[in-house]
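Step one of this worksheet: look at the structure below.
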Amino acid sequence: MTGREGQSEHPNHRAAGGEGVASGREAAGGGAGWKPAPQDSPRGQGEGKRPRRSGWARAGERVIEGVIRTSGVSAVLFVLAIFFFVFREAAPVLFGGEHFKLLPFLFSVEWYPTSASNVRYGTLALTVGTFSVTALAMVLAVPFGLGAAVFVSEFCGPRLKETLKVVIELLAAIPSVVWGFIGLTVMSRLIVHFTGAPVGVNLLNGGIILALMSVPIIVSIGEDALKAVPDSYREAGLALGATRWQLVYRVLLPAARNGLLAAVLLGVGRAVGETMAVLMATGHAVNLPLGVFDSVRTLTANVAAELGEAPAGSDHYRVLFLTGVLLFSLTFVVNLVADLVIRGWRRK
Amino acid sequence: MNAPVRIEVRDLRLAYGTREALHGVSFDVHAHEILGIIGPAQAGKTSLLRCLNRTIDFTADARMTGSVKVDGVDVRQVKDVFGLRRKIGMVAPLPVGLPLSIYDNVAFAPRCAGLRRRDELEALVERCLRQAALWDEVKDRLHTLGTRLSGGQQQRLTIARALSHQPEILCLDEFSIAIDPVTTMRIEEVLKELRRTVTILLVTNLTQQARRLADRTLFLWKGELVELDRTEVIFSEHPRERRTYEYVNGMVG
Ligand SMILES: Nc1ncnc2c1ncn2[C@@H]1O[C@H](COP(=O)(O)OP(=O)(O)OP(=O)(O)O)[C@@H](O)[C@H]1O
Ligand SMILES: [Mg+2]
């Protein structure tokens with residue numbers, strides 16, 4: 001194959017030779033000036049020399065592909081399994097609990113799971129508690145976290161940057177119970193001292209503690225998102241006469257917005273899911289908060305505090321699992337909404 | 001030529017780390033002329049342009065000596081480097097569409113300069129896109145992402161963008177490498193017209209493009225200015241330097 005006259009680059013030469021692959025069409029074109037380019041020669045030449053991959057290489061690739069696929073699928077399976085097992089514990093009370101009805105569960109503020117005379121399972125106050133603490137935490141953490149991310153990635157020098165990143169990682173590594181301590185002692189005293197509130201463990205305290213816990217996540221993920229914006233965008237923007245600040249809000253924030261939103265969502269996730277710190281910092285009182293100085297209780301803290309006391313298999317026990325399902329659904333909705341928002345942006 | 005001098009380059013040396021890319025280049029650019037800059041790859045053409053608007057600052061290890069004066073002011077002494085960059089429009093050889101809509105891409109620089117009025121912005125965007133021969137293709141989808149355009153369209157988008165801040169000096173670095181010949185001709189016509197208001201530096205690998213457009217042509221070779229003369233002379237049978245003749249006629253490169 002390799003020795004064939006296909007190697008000759010001159011089409012006339014091929015036509016004249018007239019052997020092998022020289023087609024009738026080409027021969028018919030014969031003596032006239034223009035000739036179609038030889039169509040089979042580049043491939044014909046390549047085929048003989050193209051390196052063959054060994055069977056091992058191909059088998060190995062298939063194995064790796066399988067492993068990757070399995071881990072991808074199993075991630076989904078795990079989530080479904082968690083949901084399934086939590087739901088299974090909760091199902092009996094949902095479909096026939098003695099004192100349980102779905103609407104009061106969702107929309108009543110009366111949570112008296114151990115009352116002797118009249119058991120009531122209303123989680124509205126807990127849901128509102130979770131949302132209000134999270135919202136307050138995000139109001140504090142998002143501007144601060146994103147601002148810090150922008151500063152670390154765009155404005156500060158390399159030395160300061162390294163230092164800040166180490167500090168931020170350190171902050172992220174503090175266990176939540178330590179944050180709870182800080183809330184219970186330092187923060188609560190500060191709040192009483194500066195605001196004159198009667199108790200220091202309240203919505204504000206929990207919000208601040210959660211904000212401090214989510215800021216490191218928002219900063220490090222946000223910084224990664226900004227770092228992923230190609231430098232060519234920065235140069236193009238600056239070459240057009242943008243100042244550094246104009247560059248940030250006209251180019252970098254739009255370019256990195258998906259990553260930044262992911263950073264915020266991870267922060268929200270941390271705040272919604274956090275248990276120990278809010279249990280200690282918010283005062284743990286079932287209460288619809290009217291202001292930031294009211295004590296609240298969150299869904300997570302409630303489960304953590306009561307599951308140990310509830311007899312396994314009792315209605316109370318199952319309702320707590322149902323609370324877990326509720327929490328799961330709420331985070332799912334939050335993520336879904338965020339996802340839709342991103343899609344909406346993309347379509348534009 | 002007695003038009004006023006816009007850009008005055010004196011003994012410009014530029015080193016990336018320890019490697020010198022420009023070995024002392026001196027020339028003037030006059031108002032309202034098109035100066036063609038030709039030279040083989042690696043000659044330092046792009047580096048030269050990047051010194052003018054100080055985008056060379058983005059390369060950390062680049063060191064520049066000598067002087068580059070724009071309108072009599074040394075670019076390294078200007079206080080308002082953003083103003084300097086707005087005065088000089090720059091089209092890079094590889095188009096970098098900002099991740100914004102077509103409209104926002106073109107409106108970017110005017111907005112940075114403080115233009116807020118919607119109607120003025122819209123008129124400006126339309127004019128720049130027309131000048132870059134892009135308006136007809138994108139007028140119905142101004143609010144889609146600029147990065148979704150084809151390569152040649154993105155290149156023209158960067159041209160529109162470079163015109164958007166109404167620069168007094170326009171630097172084009174191989175603007176036509178991704179653009180088809182017919183559109184290139186249309187843009188070249190626009191450039192000829194722009195010459196009345198703008199001073200143009202045209203870096204090009206297509207020597208014929210310099211021949212068509214440039215009033216004077218500068219031949220750069222390995223970081224050295226070989227010859228700068230009226231375009232007719234450079235492309236004649238008898239330029240001053242033998243190397244010029246050989247490059248222009250494709251004998252060296
Ligand atoms: N960022 C950089 N860092 C280091 N060296 C660089 C950098 N940019 C350019 N150079 C070097 O400077 C010299 C001139 O490059 P320049 O890009 O100015 O050439 P050019 O004339 O524009 O070439 P081309 O026609 O290929 O675009 C080259 O030797 C190149 O390797
Ligand atoms: Mg170049």
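Since the model is a prediction, treat every value here as computed from it, not as a measurement. Note on naming: letters A, B, ... go to the chains in the order of the sequence lines (proteins, then strands), and numbering restarts at 1 for each one.
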Inspect the surroundings of [atom1] in [X] and state if more than 12 heavy atoms from other residues, nucleotides or ligands are less than 6.0 Å away.
| X | atom1 | value |
| --- | --- | --- |
| F144(A) | CZ | no |
| R69(A) | CZ | no |
| Y249(A) | OH | yes |

| field | Inter-residue atom distance F58(B).CZ - D231(A).CG, 0.5 Å rounding | value |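 Taking CZ in F58(B) and CG in D231(A), the distance rounds to 10.0 Å.
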| request: To the nearest 0.5 angstrom, please state how far the CG atom of L100(B) sits from the OH atom of Y233(A). | output: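 Answer for the CG-OH pair, L100(B) versus Y233(A), is 9.0 Å.
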| query | Looking at T55(B), T158(B), L98(B), D104(B), which has the largest count of heavy-atom pairs under 4.5 Å with chain A? | reply |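 Winner by heavy-atom pair count: L98(B).
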| note | Max heavy-atom pairs within cutoff under 4.5 Å with chain A, candidates H165(B), R111(B), M90(B), goes to R111(B)
| query | Under 3.5 Å, is there a donor-acceptor pair between the side chain of R85(B) and the main chain of A239(A)? | reply |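 Side chain of R85(B) to backbone of A239(A), a donor-acceptor pair under 3.5 Å: no, none is there.
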| task | Return the set of residues passing side chain to side chain donor-acceptor pair (under 3.5 Å) with D57(B) (not counting sequence neighbours), or none when no residue passes. | result |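 In terms of side chain to side chain donor-acceptor pair (under 3.5 Å), with neighbours along the sequence ignored, D57(B) is linked to R54(B).
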| said: Quick check: closest heavy atoms across V96(B) and S232(A), and the distance to 0.1 Å? | reply: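 The pair with the smallest heavy-atom distance is CG1-O, 3.7 Å.
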| said: Which heavy atom of R86(B) sits nearest to which heavy atom of L240(A), and what is that distance? | reply: CG-O, 3.7 Å
| task | Heavy-atom pairs under 4.5 Å with chain B are the metric here; pick the option from P230(A), G237(A), P254(A) that has the most. | result | G237(A)
| query | So which of Q246(A), R234(A), R250(A), E235(A) has the biggest tally of heavy-atom pairs under 4.5 Å with chain B? | reply |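 Counting heavy-atom pairs under 4.5 Å, the top option is R250(A).
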| In residues 61-73 of chain B, which residues are in contact with chain A at a heavy-atom separation under 4.5 Å? | none
